[in-house]
Amino acid sequence: MRRSYPFFFKICKDCTSVKTSPVFRILGGTVATVAMILIFGSCEKVIHLDLKNSTPKIVIQGNIYDQLGPYIVKISNSVNFEASSNYPPVSGANVTISDNTGQNEVLKEPTAGTYITSKLRGVPGRTYTLSVKIGNQNYLSAATMPPAVAIDSIYFSSSLFSGEMITTVRLLDPPFIANYYRLVYFINRVQQKAFYVLDDELFQGATIRYALLSRGNNIKLVKGDQVTVWLESIDHGVFEYFRTAGSDGGESASPANPVSNISNGALGYFNACAVRKITTTVSQ
Amino acid sequence: MERLKIYLFFLILLSAFQSVAQQKFTISGYFKDAKTGENLIGATLTIKELQGKGTGTNAYGFYSITLPTGQYQITGQFVGYAPQILQINLNRPLKQNFALTEQVNTLGEVEVSGQRKNENVSRMTMGMQKLNTSEIKNIPVLFGENDVLKTIQLLPGIKPAGEGSSGFNVRGGSTDQNLILLDEATVFNASHLMGFFSVFNSDAIKDITVYKGNEPAEYGGRLSSVLDIKMNDGNDQKMKIAGGLGLISSRINVEGPIIKGKGSYMITARRTYADLFLKLSSDSDRNQTKLYFYDLNAKASYRLNSNNRVYLSGYFGKDLIALKNTFGINWGNISGTLRWNHLFSDRLFSNTSLIFSNYDYKIFINNGNKLNIISRIQDYGIKQDLQYFIQANSTLKFGFNSIYHKIIPGVITADSNIDLKKLTNKYDWENSVYLSHQYRINDKIKIEYGSRLTLFSTLGPGDIYTYDPNGRITSVTAYRSGQFVKNYLNAEPRVTVDYLISQESSIKLSLSRNIQNLHLLSNSTSGNPTDLWIPSSNIVKPELSDQFSFGYYRNFDNDRYEFSAETYYKNLINQIDYKNGAELMFNENVESQILFGRGRAYGLELFLKKKQGRFNGWISYTLSRSERKFDAINSGNYFPAKQDRTHDLSLVGIYELSKSWTLSATWVYYTGNAVTFPTGKYSIDGKTMFYYSDRNADRMPAYHRLDLGATWINKKNSSFESSWNFSLYNAYGHENAYMITFRDSKSDPTRTESVQTTLFKMIPSVTYNFKF
């Protein structure tokens, strides 16, 4: 049993995005809990629950970039809650990626459950179709690669909520079209286990500042840390996946599986994105 | 409907005929407290010579009864007041007011020495509970703040929505299916500080009545219940000041005459200062945080003459949470009611009300970009109620209600006052007429029947969308200002029959239909101040509920014990749930995120109350089920609603140890809510994801809690009264689960674990109350 005193920034950390800008992240959260916990504290303890089991589900995760391949599609099975978090790879699947210009490639499986391309090249504007055949089950998905958007800069500042150092990404949103972004955040080459997506609904054609609030772990940035951020321009289907994946569990009265862009009940996503990267060292 | 009209015609004709046949006269008047002039609601008048005949006062303390010429001994009674007995010679219309004196609280006679003893058995309404504030003041509560919303949750069929929450579920309904009225104005959000306090300051409140879906026809608008709260009118005899100092809040109440005996005022204010404790913290995150609420109740009344009286009442409340000028949210209700009581004759009572109600929230955020968000719902209404006391066994109630709803779902502005986003405002007009007739057929059987007819109209201006099943827009139609978009006309017939088996026992049967045209979108477990109200529209159909209930009522031991057993079955149509991953916030097309389905709820409610003696209290038990059915959820099968709780038990005991000490205890136990826990897990980009199967297939752990309280009256004389109230919430410190979350194990990264969060373990509090 330990006493914990979560705070406003914790809302941002844990409850994840209802909408993706920081404003909405706070709203979507558990303001209620926080308000009282603030005064009286609360107790957290690990308990044992007899959770129900489920039959293994197919989990597919694939990315195509506007960069040189190979591109990877990973296929695995889900496991029960009580099981060890080692997810059995699914071997022997027939995995094909094609695009709307007639490119077509059957992926190879060098290691169990990992399927890779050899000649396919991602090009913005094209629509890619992923086809996975496992036994007599077919799983299909399509994603369109939007044009790349550059990262203007990244900078570090003290969090208004916690006083911790946080990384903020600045980018200039292209005008007139709806853009969706996913940010992938690495600290000292370790990918942070949080999903960051945003759209330009409130910031059409404007400069967007997006603070990468640390979520999912308590890593604190210190001087000398190397920070890398990827800015992926994604399509609406992928955006919806990560938006809904970010809000699992927590305070939702009815937690549900993310809205996947893959058919036939498969979990996971298939993403075709243009990506720009920036790396810098924390100097403050 | 046609048949009803003919019946009513004959009925009125009949009563007219009777009055010709036998000379009859009306006795009418008001009941009030002799010391304060406060109207007494629900006081009774009995006639010794005519057993079984009698009447009660209405919401304004007025009564009227028409009897044959004769000599009568009439008795006026009210809970906790000395009865007043009068001999009258009825040979002309008679105005008879009653000024009752509050009984000195002699030990062992805590309450109910007045009220008609078998009230529970003989009253018309079922599925109804009445409380007065003196009844709740000894019950131990969180932070020592008496709270009507917490107290009603100890009654059968009314369940708390969560730990410390002022949200409640009635007979398996959701929290937005309760109509909460404060002096007739709708309260859209009854929570302060996220529900740990309610907006009702008990110092300002006179009377609380809750109807569990069988409300009389003058009420309407929500499916599950009506909670009708009436504020004090104020003392019209003498200025009085009362107040309380607590650990985290204080309150003060001032009341007095405007003109002695003719008019009165009352002002009650309350503020919490929880954030003052935060200031003591050395942690700068905490000591720069603002966190408080305040509220103000005010009321004035004035008697113009014996036939006219006006009332003006208002409520104003605000909550604020702010952090270092970087983030803040405030929200609150404002309401106002102007009422005019008019007697057209000694048998026809009229009340006309102008009602305003507003709920809004504002958010500011300064995180590099400065943003302001505002959202609001407003009601402008006029209500006309008429009560016609035809004869001693027959009363007709009828009237109309017209409300204009205006909803501003949300506007986001930048600091430069540029609208970044503005959702389309919603305008609706809700018109209702009602008629109900209470008729005592004979000494055994009473019937109340009637109907409400509601026309709900969605008005322009605005773009009206239609959607395909995937939520994609299929058409957009622009409507002009004032143009009717959609009309829903619904009848809400209601009937209750009461059969008196004996003076100690009765059975009652009731059928009622309720319609709801305003719906709250809320997909969080606790409810947030930012939850959005949406009206019925071309997409959202009015929610409908049909309830059938049956009850048995029995009093024992010379009415010292009161027992009731009620069962109900409810059929619910056009219920609302959300698509997976629904985007409810700041979504112009929020209606595309909603699923529509049906529901059913049924249960048994047992209630045993000891009304008198040094020891009094009650046991309340509910066995119930509440289920929903949506095509897109759980393969279209019935599943438990989140508020489904099989067992719910409350024990309340109050013991008067001596004249100065009163002890009390409550114990509650209930089955955990239906929830969705993961049934599997997988990994996406290194993050553990949880897999969910069926909706609400799991249960939170059972909840139980003991609260203890003690009241010490340390001084009491005619000019000054003071007392201390001590309470201990969750006395044995049971770790109740507020929420359960799932995460990677901190000790073994290859495992996942379940984590329970507990909010309150043993919260002591002390409050000092005074009155002079």
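Lettering follows sequence order; numbering is per chain, from 1.
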Discussion item. Nearest 0.5 angstrom please: A:Glu44 CD to B:Met739 CE, how far?
Written reply: 7.5 Å
Discussion item. Which atoms of A:Gln204 are under 4.5 Å from chain B, going by heavy atoms: the side chain, the backbone, both sets, or neither?
Written reply: neither
Worksheet item: Just checking, is any N or O donor in the side chain of A:Ser85 or B:Lys681 under 3.5 Å from an acceptor N or O on the other one?
Response: yes
Give the minimum heavy-atom separation between [X] and [Y], together with the two atoms involved.
X        : Y        : value
B:Ser683 : A:Val59  : O-CG1, 4.2 Å
A:Val259 : B:Asn580 : CG2-O, 3.7 Å
A:Leu49  : B:Phe677 : CD1-CE1, 3.8 Å
B:Met689 : A:Phe195 : SD-CE1, 3.7 Å
B:Thr679 : A:Asn80  : O-OD1, 3.5 Å
A:Glu82  : B:Arg751 : O-NH1, 2.7 Å

Any non-hydrogen side-chain atom of [X] less than 4.5 Å from a side-chain atom of [Y]?
X        : Y        : answer
A:Lys74  : B:Ile684 : no
B:Asp744 : A:Lys193 : yes
A:Phe242 : B:Asp685 : yes
B:Tyr692 : A:Ser254 : no
B:Lys761 : A:Cys43  : yes

Fill in: Between B:Pro701, B:Pro749, B:Gly686, the one whose heavy-atom pairs under 4.5 Å with chain A are most numerous
B:Gly686
Discussion item. Below 4.5 Å, heavy-atom pairs only: which of A:Ser76, A:Ser78, A:Ser84 has the largest tally toward chain B?
Written reply: A:Ser84
Discussion item. As a quick check of understanding, evaluate side-chain hydrogen bond (donor to acceptor under 3.5 Å, both in side chains) for B:Tyr682 and A:Asn257, giving each step before the final call.
Written reply: CA-CA 11 Å; B:Tyr682 55 101; A:Asn257 301 315; 5.0 Å; no
Please look at [X] and chain A and tell me whether the side chain, the backbone, both or neither of the residue comes under 4.5 angstrom of a heavy atom of that chain.
X        : answer
B:Ser693 : side chain
B:Arg695 : side chain
B:Asp748 : neither
B:Ala674 : neither

